[in-house]
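Let me begin by presenting the structure, written as structure tokens, before commenting on it.
Chain naming here is simple, since letters A, B, ... match the order of the sequence lines and numbering starts at 1 in each.
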Amino acid sequence: MPNVVTRFAPSPTGFLHIGGARTALYNWLFARHYGGEFLLRIEDTDRARSTDAAIAAIVSGMEWLGLTSDGEVTSQFEQAPRHREVAEHLLKTGKAYKCYATAEETAALRATARENGEVFRGDMWRDRQPDAETAARAYAIRLKMPRDGETTIKDSVQGSVTVQNSTLDDMILLRSDGTPTYMLAVVVDDHDMGVTHIIRGDDHLNNAFRQYQLFAAMGWDVPEFAHIPLIHGPDGKKLSKRHGALGVDAYAEMGFLPEAMRNYLLRLGWSHGDDEIITTQQAIEWFNLENIGKGPARFDFDKLDNLNTHYMRQLSAIQLLSCVQNDLEKRLGVPLSEAEKNRILAAMPSIVDRAKRLPDIVDGASLFCNIRPLTLTEKAMKLLEGQTAQIADVANELAAITDWKPDVVKAAIMSFAQARDLKIGKVMQPIRAALTGGAPSGDLIELLDILGQEEAIARLKDQAIT
RNA sequence: GGUCCCUUCGUCUAGUGGCCUAGGACGCUGCCCUUUCACGGCGGAAACACGGGUUCGAGUCCCGUAGGGAUCACCA
């Protein structure tokens with residue numbers, strides 16, 4: 001396939017939501033697969049609703065996901081003169097015409113058309129000449145849609161879809177204030193930017209027919225379309241702001257790794273046989289439009305969590321620490337000491353083993369910081385009930401150790417239990433409770449070892465006193 | 001309401017007329033491992049929306065029904 005060009009064209013009216021992120025990912029993957037270009041165009045023709053904050057959120061969201069665009073980020077608004085030029089050209093060649101209808105007039109006609117179950121085509125000025133008075137009024141420019149025949153678009157996802165031309169309206173190209181509409185702008189920009197494949201949300205499928213006719217009116221090649229189904233919420237309802245639609249930044253904050261998000265989004269609505277864990281390299285190699293599902297898919301946090309645990313375990317202790325260091329220090333209120341860092345690094349394998357999201361790692365790592373006195377969970381309190389004397393004895397026993405090594409510590413605890421004829425669990429559980437306060441943790445001997453003699457005994461004594 | 005699209009376990013999906021007694025993954029669940037919590041290992045329950053065709057044979061093709069979705073702006 002020769003020079004593939006794809007684009008992601010969000011309107012900057014809010015954050016980069018999950019559906020947009022997936023659309024961007026698919027465009028990016030498709031372009032990378034063919035060694036083509038992936039462009040980012042901001043559709044900011046609606047001046048009232050577009051904000052710089054939204055643009056920044058979109059760009060940073062894509063950055064987080066690792067979806068780098070080629071070339072400059074373009075603004076659709078800045079192309080307005082060119083859009084106008086195309087509208088004027090269409091007017092000159094008779095492919096478009098001036099419409100003098102007022103907003104009220106149009107709305108009324110639309111309402112009655114719908115009441116009667118008829119198609120509203122907005123064509124009240126299609127074959128009418130204005131008198132001198134109306135000719136002086138502001139006018140919009142509408143495309144003269146073909147009335148006969150049908151339009152078929154060959155969609156890579158939806159297949160071949162046909163619509164009767166009689167159901168297409170004479171859409172407005174240029175508003176009466178002279179600004180271009182989205183319908184005009186997308187088509188002109190996609191053509192000017194050399195876009196070969198338009199991969200976008202299903203919600204644009206109906207627009208595709210109208211845009212097709214605009215391409216045709218200009219005599220331009222029509223790009224290939226691929227309309228991907230929308231993502232729904234866990235309840236099957238459309239993902240809207242009321243329904244818990246979140247920006248990708250929110251997922252970052254929840255502690256998901258971008259690679260997990262990418263893998264999840266990729267598999268949500270696309271498949272490659274039974275493959276679940278797919279590296280970005282493989283994704284680029286395997287991605288195609290044919291294997292995109294046609295039905296809307298539901299968002300599922302459990303599966304995202306599962307992928308996230310997988311990708312977290314792929315990271316080294318050092319990488320994981322750097323992922324959580326900021327949050328951890330924020331919680332502690334002080335920077336991490338070298339000793340604390342080393343303890344966390346040593347404990348990381350067992351910390352990541354019981355973590356689903358980054359905050360779980362913060363929890364696990366904080367155990368290895370100087371956080372005395374610990375606050376106990378209810379369960380830990382129960383385990384320590386009436387054990388203060390025993391804990392004190394254990395603390396003394398351990399304090400006597402001169403060579404703090406796992407084997408030695410273990411032997412000390414074993415003999416402590418034996419001497420008192422206690423089951424090993426009866427000794428270890430209270431110790432664990434005193435050391436962790438009840439937080440999930442791994443092997444107890446390892447915990448003692450990493451904590452170090454001083455800190456471990458201090459924590460035990462904290463519980464022995466009360 | 002008009003137009004268009006979709007329909008396999010709870011969820012994401014494999015499946016392109018015989019390999020399907022429908023496979024995988026997440027979740028759920030039983031057992032094992034075990035000093036907590038996890039991890040891990042081995043099992044289990046769980047789906048072709050419904051009704052008609054076509055065919056020797058249908059999850060796979062056709063029609064209808066039901067359900068879901070998208071869209072119908074001088075928004076994008």
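A/F209 places its CZ atom 18 Å from the P atom of B/G2, with the value rounded to the nearest Å. Taking atom CG on A/L447 and atom P on B/U36, their separation rounds to 14 Å, with Å as the unit. The interatomic distance linking A/Y100 (OH) with B/C74 (C1') rounds to 15 Å, in whole Å. Regarding A/D443, its CG atom lies at a distance of 16 Å from the P atom of B/A38, rounded to whole Å. Distance, A/L307 CG to B/A25 P: 14 Å, rounded to whole Å. Rounded to whole Å, atom P of B/C72 lies 12 Å from atom CD of A/Q211. As rounded to whole Å, 10 Å separates atom P of B/C5 from atom CD1 of A/I153. With rounding to whole Å, A/L230 atom CG is found 14 Å from B/C12 atom P.
Taking 90° from 0 as the syn/anti boundary, the base of B/C4 is oriented anti.
Across B/U3, B/U13, B/U36, the shortest atom-to-atom separation from the side chain of A/R354 is found for B/U36. Nearest to the side chain of A/Q429, among B/U36, B/G2, B/C72, sits B/U36. Counting only heavy atoms from C-beta on, A/S271 has its side chain closest to B/A14 among B/A76, B/A14, B/U35. Nearest nucleotide to the side chain of A/V161, out of B/C6, B/G24, B/C4: B/C4. Nearest nucleotide to the side chain of A/P440, out of B/A76, B/A25, B/C37: B/C37. Picking from B/A38, B/A76, B/C4 the nucleotide with the shortest atom distance to the side chain of A/L205 gives B/C4. Closest approach to the A/V163 side chain among B/G24, B/C4, B/U35 is made by B/C4 (side chain taken as heavy atoms from C-beta onward). Listed candidates were B/C12, B/A14, B/A76. Nearest to the side chain of A/Y182 is B/A76. Picking from B/U35, B/U13, B/C26 the nucleotide with the shortest atom distance to the side chain of A/A297 gives B/U13. For A/N306, taking side-chain heavy atoms from C-beta onward, the closest of the listed nucleotides B/A70, B/C4, B/C26 is B/C26.
Residue A/S176 places none of its side-chain N or O atoms closer than 4.0 Å to OP1 or OP2 of B/C74. For A/R110 and B/A73, the shortest distance from a side-chain N or O to OP1 or OP2 is below 4.0 Å. For A/K303 and B/C26, the shortest distance from a side-chain N or O to OP1 or OP2 is not below 4.0 Å. A sub-4.0 Å separation between OP1 or OP2 of B/A76 and a side-chain N or O of A/T45 is present.
When heavy atoms are screened at a 4.0 angstrom cut-off, A/E276 is found touching base atoms of the nucleic acid. In this structure, A/L268 reaches the sugar-phosphate backbone alone: every heavy-atom distance under 4.0 Å involves primed, P, OP1 or OP2 atoms, never a base. Contact annotation for A/R298: backbone-only contact, meaning every heavy-atom pair under 4.0 Å involves sugar-phosphate atoms and none involves a base. Base contact: A/H204 has a heavy atom under 4.0 Å from a base atom. Across all strands, A/R313 comes closer than 4.0 Å only to sugar-phosphate atoms, never to a base (heavy-atom distances). Within the nucleic acid shown, A/N207 comes within 4.0 Å of at least one base atom, counting heavy atoms only. Within 4.0 Å of A/T179, counting heavy atoms only, lies no atom of the nucleic acid at all. Across all strands shown, A/G442 has heavy atoms under 4.0 Å from base atoms, whether or not it also approaches the sugar-phosphate. Using a 4.0 Å heavy-atom criterion, one finds that A/A48 contacts no nucleic acid atom at all.
Between A/L40 and A/P10 there is a side-chain heavy-atom pair separated by less than 4.5 Å.
Rounded to whole Å, the C1' atom of B/C19 lies 14 Å from the corresponding atom of B/U60. B/G52 and B/A58 have their C1' atoms separated by 14 Å, given to the nearest Å. The C1' atoms of B/G23 and B/G40 are separated by 24 Å, rounded to the nearest whole Å. Separating the C1' atom of B/C31 from that of B/G69 is a span of 43 Å, rounded to the nearest Å. Taking atom C1' in both B/A22 and B/A46, one finds a spacing of 13 Å when rounded to whole Å. Look at the P atom in both B/C39 and B/G27: the space between them is 9 Å, to the nearest Å. Distance check on atom C1': B/C48 versus B/U7 gives 10 Å, rounded to whole Å. Comparing the same atom, C1', in B/G15 and in B/U8 gives a spacing of 9 Å after rounding to whole Å.
Ring geometry for A/F225 versus A/H227: interplanar angle under 30°, hence parallel rather than tilted (30 to 60°). Aromatic ring orientation, A/F30 versus A/F287: perpendicular (interplanar angle above 60°, classes split at 30° and 60°). Between A/W286 and A/H272, the ring-plane angle classifies as parallel under the 30° and 60° cut-offs.
Heavy-atom minimum distance, A/L174 versus A/L184: CD1-CD1, 4.3 Å.
Pair check for B/U7 finds B/A66; Watson-Crick or G-U wobble, both atom distances under 3.5 Å. Shown here, B/A45 forms no base pair; nothing in the strands shown gives a Watson-Crick or G-U wobble contact with both key distances under 3.5 Å. Under the Watson-Crick or G-U wobble criterion, with both distances below 3.5 Å, B/U16 has no partner in any strand shown. Pair check for B/C37 finds none; no Watson-Crick or G-U wobble contact set falls under 3.5 Å.
Taking 4.0 Å as the cut-off between side-chain N and carboxylate O, A/R267 and A/D275 do not count as a salt-bridged pair. Checked for salt-bridge contact, A/R41 and A/D192 miss the test: no charged N lies under 4.0 Å from a carboxylate O. Ionic pairing of A/K382 and A/E378 is not present here: no N-O contact between side-chain nitrogen and carboxylate oxygen is shorter than 4.0 angstrom.
Among residues at least two apart or in separate chains, there is no ring pair (Phe, Tyr, Trp, His ring centres under 6.0 Å) pair with a member in residues 430-453 of chain A.
Remark: the A/D44 side chain and the B/A76 base include no donor-acceptor N/O pair separated by less than 3.5 Å.
Positionally, the nearest nucleotide of RNA chain B for A/G273 lies more toward the 5' end than for the other of A/G273 and A/L304. Between A/D300 and A/D202, the one whose closest nucleotide on RNA chain B sits nearer the 5' end is A/D300.
From A/L91, atom CG reaches atom CG of A/L173 across 9.5 Å, with rounding to the nearest 0.5 Å.
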